[in-house]
Each structure stands twice: as C-alpha cells, then as structure tokens.
Visitor: 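Dumping the structure here so I can ask a few things about it.
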Amino acid sequence: MSQINIVGAGLSGLSFAIKARVGGENVTLFDKSAPPSISSGLCANVISINKRSADFLKSLGILERLEDSSRTSFHEIVVNDSDGIGRVCFSSKVLQEDYLGFVIEADALRHAMLEQAKSIGIQIFWQHPFALELLKCDLLVAADGPNSAAREALGIKTFQYPYAQSANVCVVEATRPIEGTAFQWFGKEGPLALLPLSEAGRYAVIWSSPKDFGIQPEYYFENEINRRTREDLGKLSILTKRLSFPLQQKHALKYFIDGVALIGDSAHTIHPLAGQGGNLGFADAEVLADEISLSKIEGLSLPNKRILRRYQRKRRLEAVTFGLTMEAFYRSCGSQNPGVQLVRSLGMNYVQENDHLKRIAMSIAASGFC
Ligand SMILES: Cc1cc2nc3c(=O)[nH]c(=O)nc-3n(C[C@H](O)[C@H](O)[C@H](O)COP(=O)(O)OP(=O)(O)OC[C@H]3O[C@@H](n4cnc5c(N)ncnc54)[C@H](O)[C@@H]3O)c2cc1C
C-alpha cells in the first residue's frame, strides 16, 4: 500500500482520493481552505458533466448521494448562432443514450464527495496549505487548482494567457421552458449557456462576456440575455445575485516530475464555453488511479516514473486538444467579421443536416477524444 498525499480537496482531488482509496492506497488530503458549508437557497454555481464523468461518479458511489433537487439530466443541447441563422440540435437519441449528461449544483457535488470520502475513512486536513514537507510520501498529487502552489513551488512551467472575458453566472426563470434541454448561443458578445435546473422553468446562466459586462446593472444584463436568446424560451427573469469568474487558459508543460503528479485545473485550465474543464479533471483522476492499480500487476510501485509517464501520455494530449478546440471556438465565435460569421452559421447548419458529424461531435463531448 502506497502513501499518497493530495493537495486540494476540490472535485479533482476528492474524486482521485476516493478512487485511489478504493484501489487500496493510503490517501491523505490537504486543503488550504476551511471545510465548506453547504449553501442554502438557489445555487447559481453549477457544473454540467458528460456521460463519462457521470459513469465515473456513479462507480465511486457519489451520484447516488445527490438529492434529485441538486442534479438534473439533460438529453438535448441546442446550439444557436445569435448573430446569424445557424442552429444545431444534438440529441442523446443519436448516441442511443437516455441522456447526454447532468447539471449538478457544485456545492452539493462537493458535499456528496466529502461524505463519500468520510465513509471510507479518508482523512482531510483543512486549512493546511501546500508545504514541501508534504513531499514525504510515495506520491504527491497536486490538485490545487489553476494557481497551484505545488506546481509553482516545484518549478513546473506553464503556458498561459488570460482572456479578456469573465464568466457571469446566475439563475433565471423562463416563461416557456423546454424540459431536459440545454442551450448555447454563440455571438460577438461571447458564448452564453442556459443549463436546465431541477425546478421546471429554471436555468443556470453562464455568460462568458467582455469584462465590463459583469459590472452592468441587473436590468441591463437581463435585457441583454433576453435580446440574445430571442425569446426562444419566452421571457427570462433573473432570480439570483450574479457571480463573476475571471477566465484564463493555462497548461502545465509537464504533468509529472519525480514523485509528483498534477491533475485537474492545476494541470490545465480551459475556457468554460463547452463546460469541459471539470470533465477533464475527473478523467485525470480516473486514469491516474487506474495506472497506479495496473502497475501493481506489473510489479511496479510508486513513485516509479513509468507509472506517471503513462498517466501523462494518456491525459496531456486530450487536455491540450480540448484547449485548442475551445480556442478555435472562442476566436471564431467572438469574431465580428461578417465573412467569419457567415461561415459559422453555414457550418452549424451543415452539421445540423449531417448525422455522422453530429455523432462524432457528440461522442467527443460525451467521452472526450480518447
Ligand atoms: C464559470 C465556470 C463554469 C464552468 N462550468 C463547467 C462545466 O459546466 N463543466 C465542467 O466540466 N467544467 C466547468 N468548469 C470548470 C470546472 O469548474 C473546473 O475545471 C473544476 O472545478 C476544477 O476542479 P479542481 O478540483 O481541479 O480545482 P479547484 O476546483 O480549483 O479546486 C482546488 C482545491 O485546491 C485548494 N487549494 C488551492 N490552493 C491550495 C494550496 N496552496 N494548498 C492546499 N490547497 C489548495 C482549493 O481550496 C480547492 O479546494 C467551469 C469553470 C468556470 C470558471
């Protein structure tokens, strides 16, 4: 049994800890924050997870711990060009699945993970930031988010740049909702997503818009959402305070060094326009834990570099590919060039007519590139 120290009890760190513990490792978590309290009332901070992540969370016993009110499955995604005439509808029927993914309240998901971790005896040290002494173990897993202190302290370089956008998040109520369907509008003011919540008619809004947009008064923001969504869901009214998150793209050049592995946002942070960052982190957690288990069959034990090299080989290419894909979307969708806008609309309509292309796009969104 190896001793694994994990820095960061976010979604990536917790899911890795549970999977590794179930695989027989001795794991201990350290997080610089105080233990989270579960928020009451409407939650604007949600995460949409794909089929692969849902299967992973089910296998860890986490999905079942969530109340129905904090998770909602969706079976359709409608993507619109808000500056043009393009529209694509992706349905789970094309993949012969019942659903494409879940929208889950972020706090409730973390709470369910903490409960599951506790139930299998994982120890968490709160208000315990990264320190070099945590390296005294067989493997240190850095899951401490985009500004990873572990990554910095260990000198792992990143390729990074900020976007001139922040994500504005809130909950709205629609007068003409469409059940089980998530929506996206691409246009020059940045991608806008509406994700269905469990209570009929309510949606979590994630609008990645120019930075000054977040400081506009509520009535202005509400008018803009209504203008962009063109009454596809009737009239939308804002129900909660708006939260704002600065956006950046950041990739660690290495996902491991001697005795240390990076997972989740500490390894890669991407634009949330397709809601894939958390999915990548869950896949990192699953693959790293699997590699550790498989290596035992081969007689390898931590911190053998071959285990970590295989993890890096399996995960880095996918994260970089997603990062580049998001970048291409970000640039083509934000363009004010009428030629680019026309190509975007025609492209969407072409995909709408082509089930084969739809199937490819959907299986990548559902399960990643691997
Ligand atoms: C607006 C927005 C919407 C998004 N929507 C989606 C979506 O729909 N679907 C999706 O898949 N992804 C989405 N993402 C991305 C997703 O939220 C992240 O990829 C994911 O939460 C990263 O989880 P993590 O555990 O790797 O990092 P984090 O959530 O950042 O967790 C890091 C943990 O480490 C701790 N920590 C930090 N520093 C230290 C330190 N020095 N020492 C010890 N502990 C430390 C923190 O307290 C925290 O608990 C979205 C992101 C944004 C900004």
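Note: hydrogens, waters and symmetry copies are ignored here, and every other heavy atom, side chains too, is used. Keep in mind the model is a prediction, meaning the values are calculated, not measured. Counting convention: from 1, in listed order, for ligands and their atoms alike.
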Visitor: Establish whether atom 29 (O) of ligand 1 and some protein heavy atom are separated by less than 4.0 angstrom.
Guide: no

Visitor: Only heavy atoms of A149, strictly under 4.0 Å: list the atoms of ligand 1 that pass.
Guide: 41 (N)

Visitor: Compute the minimum heavy-atom distance from I49 to ligand 1 and say whether it is under 4.0 Å.
Guide: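 Heavy atoms of I49 never come under 4.0 Å of ligand 1.
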
Visitor: I need the contact type for S48 against ligand 1. Using non-hydrogen atoms and a strict under-4.0 Å cut-off, is it side chain, backbone, both or neither?
Guide: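 The answer is both, backbone and side chain.
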
Visitor: Kindly indicate whether the side chain of H75, heavy atoms from C-beta on, has any atom under 4.5 Å from the side chain of S91.
Guide: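 H75 vs S91: side chains apart.
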
Visitor: May I ask you to decide whether R151 forms a salt bridge with D144, counting only side-chain N to carboxylate O separations under 4.0 Å?
Guide: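 Answer for the salt bridge query: no.
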
Visitor: Tell me which part of N279 gets within contact of ligand 1: side chain, backbone, both or neither, using heavy atoms under 4.0 Å.
Guide: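 For N279, backbone and side-chain atoms both sit under 4.0 Å from ligand 1.
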
Visitor: Please confirm whether A143 comes under 4.0 Å of ligand 1, counting heavy atoms of the residue only.
Guide: yes

Visitor: Should one rank P129, G145, A142 by closest heavy-atom distance to atom 27 (O) of ligand 1, which comes out on top?
Guide: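 Minimum heavy-atom distance to atom 27 (O) of ligand 1 goes to G145.
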
Visitor: Using the six-membered ring wherever Trp is involved, compare the ring planes of W185 and F183 and label them parallel, tilted or perpendicular (cut-offs 30° and 60°).
Guide: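 Answer is parallel, since the angle falls under 30°.
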
Visitor: Side-chain contact, heavy-atom cut-off 4.5 Å: E218 with C170?
Guide: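 No - every pair of side-chain heavy atoms lies 4.5 Å or more apart.
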
Visitor: Show the atoms of ligand 1 that are less than 4.0 angstrom away from any heavy atom in L11.
Guide: 25 (O)

Visitor: Give the residue and atom name of whichever protein heavy atom lies nearest to atom 51 (C) of ligand 1, and the separation in Å to one decimal.
Guide: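 Of the protein heavy atoms, P272 CB, 4.0 Å lies nearest.
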
Visitor: When you measure from atom 49 (O) of ligand 1 to every protein heavy atom, which one gives the shortest distance, and what is it?
Guide: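 Among all protein heavy atoms, the one nearest atom 49 (O) of ligand 1 is D31 OD2, 2.6 Å.
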
Visitor: Where on R110 is there a heavy atom closer than 4.0 Å to ligand 1, on the side chain, on the backbone, on both, or on neither?
Guide: side chain

